[in-house]
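In this text the structure is predicted, and so the values were computed from the model without any measurement. Quick note: residue numbers are just sequence positions, from 1. Excluded from the calculations below are hydrogen atoms, water molecules and symmetry mates; all remaining heavy atoms, backbone and side chain alike, are included.
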Amino acid sequence: ASVFWAIEIIPLWVTGLLVVFMAVVLPIDDTTSADRAQVMLASLGSSNVFLMMGGFVMAKALAVTQLDSFMAKKMLGYFPRSPRAFTLCVMLLSFGMCMFLNNVVTPVIMMALMQPIMTTNEGTPKLVALAITFACNIGGMPAPISSPQNAAALGALHISCTAASSSAPMSKP
């Protein structure tokens, strides 16, 4: 599958599904194919997968309605015309979008928005790329839905809390 992925013999989405199919069909261990299918489909239906897909759907909706460029133009109007102010504006926009979208999706949107600026200036592309990356990293921390890591941590915390509370003896006051 990694060869298919690298040289793109078939579309990438087909390659991704092929991995799941082959993991179910091929006898990797001593479990039945039905058990392997249940494990594979359970991992595909995890909340993190749907979180990522929802973020990409929202990003596409922003791009189709051109709301992302509208937000960027509005926000740029509030800042003076200097490289430092522009960088701050890009960082604030990335940070804000990252709290409502995914911190994987937001850099893609922001890089697409900043593409015309990044191709014209010499020193700006590196600065803008680092600013977007840094702001999205920080923006992914406050909200549980803004990062797959946050969702996984919340899921693990919930599991460990319920396991700890069910094994603890109940004492009467």
Side-chain angles (χ1 to χ4, degrees), residues 1-2 5-8 11-17 19-20 41-165:
S2 60
W5 192 278
I7 59 178
E8 296 183 29
L12 294 177
W13 65 272
V14 176
T15 305
L17 291 175
V19 170
V20 175
L41 291 176
S43 66
L44 282 177
S46 74
S47 60
N48 278 342
V49 171
F50 285 108
L51 178 69
M52 295 288 286
M53 289 189 332
F56 284 116
V57 167
M58 288 174 61
K60 185 65 175 176
L62 285 175
V64 166
T65 60
Q66 296 180 346
L67 190 59
D68 52 355
S69 60
F70 174 76
M71 288 188 314
K73 287 176 187 174
K74 277 291 194 189
M75 195 150 177
L76 280 172
Y78 292 116
F79 287 88
R81 304 233 180 251
S82 72
R84 189 175 282 180
F86 173 75
T87 305
L88 179 65
C89 177
V90 168
M91 290 178 76
L92 288 174
L93 188 61
S94 299
F95 178 82
M97 286 177 66
C98 204
M99 284 195 286
F100 298 104
L101 290 176
N102 198 309
N103 70 347
V104 176
V105 176
T106 303
V108 174
I109 294 173
M110 290 303 296
M111 288 297 205
L113 280 175
M114 298 300 140
Q115 193 64 36
I117 295 166
M118 293 177 74
T119 56
T120 57
N121 299 346
E122 289 183 15
T124 306
K126 292 178 186 176
L127 177 66
V128 170
L130 284 173
I132 291 171
T133 305
F134 181 73
C136 287
N137 190 12
I138 301 299
M141 292 179 188
I145 63 164
S146 61
S147 171
Q149 298 89 341
N150 294 356
L154 286 176
L157 183 63
H158 177 69
I159 291 170
S160 65
C161 287
T162 55
S165 65

N/O donor-acceptor pairs under 3.5 Å from side chains in residues 130-142, not counting sequence neighbours:
residue, atom, partner, partner atom, Å
Thr133, OG1, Ala129, O, 2.7

query = With Ala112, which residues qualify under side-chain contact (heavy atoms from CB on, under 4.5 Å), at least two apart?
reply = none

inquiry  = To the closest 0.5 Å, what do you measure between CG (Leu93) and CG (Leu88)?
reply    = 11.0 Å

query = With a 4.5 Å limit on heavy-atom distance, are the side chains of Phe86 and Val128 in contact?
reply = yes

